There are 2 protein chains.
Amino acid sequence: MTTPDLEKPADGFPLSRKRGRGRPRAFDVDEAVDRALELFWRQGYAATTVADLTAAIGINPPSLYKAFGSKQELFERAVRRYAELNGRVLEVALACPDVESVVRRFLTGVIESATEADCPAGCLTIQGGTACREGEHEVTDLLTALRRAVQDALEHRFEQLKAEGGLRADQSASALARYVATVGQGLAVQAGGGATREELMTVVEFSVRTVA
Amino acid sequence: MTTPDLEKPADGFPLSRKRGRGRPRAFDVDEAVDRALELFWRQGYAATTVADLTAAIGINPPSLYKAFGSKQELFERAVRRYAELNGRVLEVALACPDVESVVRRFLTGVIESATEADCPAGCLTIQGGTACREGEHEVTDLLTALRRAVQDALEHRFEQLKAEGGLRADQSASALARYVATVGQGLAVQAGGGATREELMTVVEFSVRTVA
DNA sequence: CGGTTTGTATACCGATCGCTACATAATCGA
DNA sequence: TCGATTATGTAGCGATCGGTATACAAACCG
């Protein structure tokens, strides 16, 4: 799973919009990634075909391959975009001042993201990537790493709060982070199955009660 | 998603092993379903090809289609087999005498099933079925219904215990069932990502604490 | 035994898969 | 305006997809 840094700013252009020498691209790359994200999110990696992608973006295959390299690299772009969007939600939760509010805000954010009306229900990192034939672990591994990164961020924050006295010294920050991440993943599965925000918010209350 | 009752006992044979008139089948159907189950479990529906299935079972395509009808019907058979296996685990949990032990036994059973050494990690109903093109909801719906059935069974048991006084009258059996099911699904996601039994058992303790 | 029934193996179907060769169009620096 | 460069549209590549036509093999019944 190489990451050849497509579309990077190409250091050297002070503030100008980079415009290469050749024919200009006829579609917006970021918008294309968003369309791809929606498809991968809704259908998963294996069930989403290049024909689906080109149709959704409104381009022909050569344009897709020029811009992204392959279906798998486009998937990685979409996943990175997804991580960027959800990263903001995570940051808001991590900024909360105590364990209970971090947990409540995180789980609430997961529910909101997984039940957003104009997005597929559920979580891309859970339902997007089982698809791997024997020996093709790249897709699965990427999504697993992303889930792990969220859990690690929670753990780091709980360690901070523990040092500040906001978490009892005999409590394990890593175990707590795993618990919260587990509930979050379960909530995403529930949302993928059609559960509503109201139903899922009752789960948050159970979880917060554990923590408090 | 029709269920044409393939391989039913064909009432009329008192106690004899049914042996039709034609050439006998050269492979064991139940064993074939188990092989298919493992593949669908590990790779998901969309990423598993008929060639994968015939190779794993050790037969040629016509035999698969004679016995099962289609890839999708074989998937349904595999899912039913999966439900049968996990149904036993669920029954053990439901037989426990109080809320806390039901929850503990259920979540422990989920962990054991999702981390069994000689099976794919995780849960078929979560990672097996995202695969559906626009308009092909059969696969996803089947798995969603299966998860829902587990949650409903928990809810029914909690209602029973509530009537017996084992659950406070102001507690919602459905909300509790949703919480427990959510944690179970989260545990399955964690297992699919490589978490160990020991790590996941700490999550059970958090959850049980909430309930008690 | 012959006739019927059922499963197997070979070989292959049209459709679609991910991907690309090629010629053309549109922009650049000079 | 002229190459050089980059993207686009058309058309199609070999491989594989889910599924099957056909002929043969192995059991039954009479």
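On a predicted model such as this, the values are computed, not experimentally measured, just so you know. The sequence lines fix the lettering, A, B, ..., with proteins before strands; numbering per chain opens at 1.
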*DNA chain C: A:Asp52 or B:Leu64, which has the more 5' nearest nucleotide?*
B:Leu64

*Where the side chain of A:Ala26 is concerned, which of C:dC19, D:dT8, C:dT8 is the nearest nucleotide?*
D:dT8

_If you count every heavy atom of other residues, nucleotides or ligands that lies below 6.0 Å from A:His137 atom NE2, does the total exceed 12?_
yes

*Between D:dG18 (C1') and B:Leu74 (CG): distance, integer Å*: 13 Å

*For the side chain of B:Arg21, counting heavy atoms from C-beta on, which of D:dA7, C:dT20, C:dT5 is nearest?*
C:dT5

*asked:* Distance check needed: C:dT24 C1' versus A:Asn60 CG, whole Å only.
replied: 13 Å

*Side chain of A:Arg25 only, please: which of D:dA7, D:dT20, C:dG18 is the nearest?*
D:dA7

*asked:* Considering every strand and a 4.0 Å limit on heavy-atom distances, what is the contact class for B:Thr54: base, sugar-phosphate, or nothing?
replied: nothing

*Taking atom types as they are modelled, is there a donor-acceptor pair under 3.5 Å from the base of C:dA25 to the side chain of A:Arg23?*
yes

*Spacing of B:Gln43 atom CD relative to D:dC17 atom C1', expressed in whole Å*: 15 Å

*asked:* Let me spell it out: for each of B:Gly22 and A:Gly58, pick the nucleotide of DNA chain D with the closest heavy atom. Which residue's pick is nearer the 5' end?
replied: A:Gly58

*Nearest-Å distance for atom pair NZ/P, residues A:Lys66 and C:dA23*: 15 Å

_Listed nucleotide nearest any side-chain atom of A:Ser70, set C:dA9, C:dC19, C:dG29_ = C:dC19

*asked:* Whole angstroms only, please: what is the CG-C1' distance between B:Leu53 and D:dC17?
replied: 13 Å

*Out of D:dC17, C:dC17, D:dG9, whichever nucleotide has its closest atom nearest the side chain of A:Ser63*: D:dG9

_Quick check: on DNA chain C, is the nucleotide nearest A:Pro62 upstream (toward 5') of the one nearest A:Thr49, or the reverse? Name the residue that is more 5'._
A:Thr49

*A:Ile59 has an atom CD1; how far is it from atom P of D:dT6, in whole Å?*
19 Å

_Does a side-chain N or O of B:Tyr65 approach OP1 or OP2 of D:dG19 to a distance below 4.0 Å, or not?_
yes

*asked:* Heavy atoms from C-beta onward define the side chain here; which of D:dC17, D:dG18, D:dT8 lies closest to that of B:Ala51?
replied: D:dC17

